[in-house]
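In what follows, a single structure is set out as structure tokens and then discussed.
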Amino acid sequence: MTEARAGLTTALAGTASYSAVVGALSAARLVALPFVTRAVPLEAFAAYALTVVALPFVVVLCDLGTGDAMVRFAAADPSPARRRELAATLIASRVTTSLAVGGAAFLGLSLLAERWGWSAEAEWAIGLGVIAAGADAVAGALTDVLRARRRHRAAAAVIGIGGISTTAALLVAANMDGSLPWLVGAHVLGASLSVLAGLAVTHAELRARPDAAAWRRMLRYGTPLAASSLGELGLNADRFGVQRWLSLSQVGVYHLAAVPSFLLPLASRAVRLAFEPWLFGASREDAAARFDPAFRTFAFVVTAIAMTMAAVAPELVQLLGPPEYAAAVTLVPFFAFAEAGHAMFRFLGLAVGLVEKTWILSVAALLELSAFAALAIASAPTFGLEGLGASRLIAACAALVACHGLLRRFWRARLSSVRVLGLLLAAAGISTWALSTYTPAPWTSLGWRLSALLVALLIASLVLHPTTPGLRALLSRRRAGRGGR
């Protein structure tokens, strides 16, 4: 019992550390964005948005799911020497794949630039973007090593150094030059500083010998996770669809509407980073008992964040951009609730990992991407940006349903996915309808919207009964033990 409580305390402390960094990064990005949107033309901001959403594809191809696999294997391995060996294997493989994938990506994109007649500025941005993505992938491996050692504060610090440095450099670049290479170069600086910070606290692992067999095992376990991540990132390729079906300037409006919802995947990552060692370090029975209370609490938190974003959407858009971005108001709730649904789907991925059926994530992610592509192609020409937003929300819910249905074949413990999905759809439907008909009036003032938000949060808490993650499971084990005596 003492060990279980200590593990829970570590997980909650880790969540607090990551959440503090997530909050700081989100606040910094929101503060910086108005200065960037007002310093660079709308089309330049749109080109930057297209570049930024392409970078994570390179990162995932460098990772191939090996980071999550290493953390989970290390959590279940009692040998310190073996854990150091796993860490060294991850770092060596990540450097190798970053060089290989980065080189291939640069060569391929350079050939496309030459064939399609891209400007020299675009070619410079491509090269800098590939460097930034490779450095970010290496920094991610160093963070995973710290996670496996449950050094959550150090991992959060590495993430924070990279994020804050990128944001600061982006502000300087936007106001000094404002060209695309300068904006992308800010990401190179942030990722490089993150790598240096990670190396400073993981140098002991560099002395261990990598194990090829361990790397192959990580690949077998992690590749389906990477496939699901690529499916997730494929959703962000919708910016290229906006450019083709609508216009480049509309990409800027669409991207600005998505910016506030970045908090949700960051918060989701913060919780999963801390709770992975806690869940995977327990027995199968204990982990199953711990999961559902944590899932319901997590669902309540991300739904509350989405409802809050929808309630203050008019003020957010007015703050983040000049008047030409005003059309983003009606898109904010679509993005917020779509990201909330996707965060719940990713959290279910922890249960999928516990039963070692990671292919479920690949299937659900492929369904999400396919559903979104089909709906977007059908709706964008007619309904414009709102059609794309609704397509993202529907696709995220479809992935959550698919993941729950497939997981239920192997998971016998309690799972509150149906309740969670019902609340998500109800909140999303009311919020998107309200903002689609929004006009400034006394009854739509911020005060009335915040009052409605408080009522909605009360209803959500009654539906989900959020608790401290894992606490109910621990208390039920104590009661069971006493009853057995």
Side-chain angles (χ1 to χ4, degrees), residues 25 28-29 32-33 35-37 39-63 94-143 158-199 230 233 236-237 239-240 243 248 251-252 255-256 258-259 262:
L25 291 179
R29 290 177 181 178
L33 186 61
F35 295 96
V36 175
T37 56
V40 302
L42 176 57
E43 291 198 353
F45 178 73
Y48 166 71
L50 290 174
T51 305
V52 168
V53 298
L55 300 185
F57 285 94
V58 180
V59 176
V60 173
L61 289 174
C62 296
D63 180 294
R94 187 65 56 83
V95 171
T96 303
T97 55
S98 295
L99 291 173
V101 172
F106 178 76
L107 178 61
L109 290 172
S110 298
L111 292 174
L112 286 177
E114 182 180 348
R115 181 173 180 179
W116 292 348
W118 291 356
S119 65
E121 184 177 272
E123 292 190 45
W124 268 103
I126 289 171
L128 291 171
V130 169
I131 294 172
D136 196 31
V138 174
L142 299 172
T143 303
V158 171
I159 295 171
I161 288 170
I164 294 296
S165 301
T166 299
T167 302
L170 186 62
L171 274 173
V172 174
N175 288 278
M176 283 186 61
D177 184 276
S179 64
L180 185 58
W182 278 78
L183 296 176
V184 179
H187 291 261
V188 176
L189 176 62
S192 300
L193 291 177
S194 188
V195 170
L196 293 176
L199 288 173
L230 285 173
L233 295 173
N236 292 330
R239 273 71 163 176
F240 298 95
Q243 181 189 19
L248 181 60
V251 175
H255 187 72
L256 182 132
V259 167
F262 286 172

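Since we're looking at a predicted model, the values are computed, not measured.
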Name every donor-acceptor pair, under 3.5 Å, that has one atom in a side chain of residues 44-57 and the other anywhere in the protein, sequence neighbours excluded.
residue, atom, partner, partner atom, Å
Y48, OH, H187, NE2, 2.7
T51, OG1, A47, O, 3.0

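- For V95, the side-chain contact (heavy atoms from CB on, under 4.5 Å) partners are L99, V138, not counting sequence neighbours.
- Note that the OG1 atom of T166 and the CG atom of L171 stand 11.5 Å from one another [nearest 0.5 Å].
- Interatomic distance, S165 OG to L170 CG, rounded to the nearest 0.5 Å: 12.0 Å.
- When the side-chain contact (heavy atoms from CB on, under 4.5 Å) test is applied to V259, the partners found at least two apart in sequence or on another chain are L30, L33, H255, F262.
- Atom CG of residue L128 and atom CG of residue L189 lie 11.5 Å apart, to the nearest 0.5 angstrom.
- T97 places a side-chain N or O within donor-acceptor distance of the main-chain N or O of C62, the cut-off being under 3.5 Å.
- Scored by the side-chain contact (heavy atoms from CB on, under 4.5 Å) test, A100 finds no partners at all (sequence neighbours excluded).
- Every residue was checked against the salt bridge (Lys or Arg N to Asp or Glu O under 4.0 Å) condition with D136, not counting sequence neighbours, and none meets it.
- Looking at residues two or more places apart in sequence or on another chain, you find a side chain to side chain donor-acceptor pair (under 3.5 Å) between S179 and D177.
- For R239, there are no salt bridge (Lys or Arg N to Asp or Glu O under 4.0 Å) partners at least two apart in sequence or on another chain.
- Within the 3.5 Å criterion, the main-chain N or O of I161 finds no donor-acceptor partner in the side chain of S194.
- Between A133 and V59 the shortest heavy-atom distance is O-CG2, 3.5 Å.
- Panel note: side chain T167, backbone G163; a donor-acceptor pair is recorded below 3.5 Å.
- Under the side-chain contact (heavy atoms from CB on, under 4.5 Å) criterion, A135 pairs with A191, V195, not counting sequence neighbours.
- Here L193 contributes atom CG and I164 contributes atom CD1; the two are 12.0 Å apart, rounded to the nearest 0.5 Å.
- Residues A125 and V184 approach most closely at O-CG1, 3.8 Å, considering heavy atoms.
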Original post:
Yes or no on side-chain contact (heavy atoms from CB on, under 4.5 Å) for T37 and L256, after CA distance, side-chain angles and deciding distance?
Top reply: CA-CA 9 Å; T37 56; L256 182 132; 4.0 Å; yes
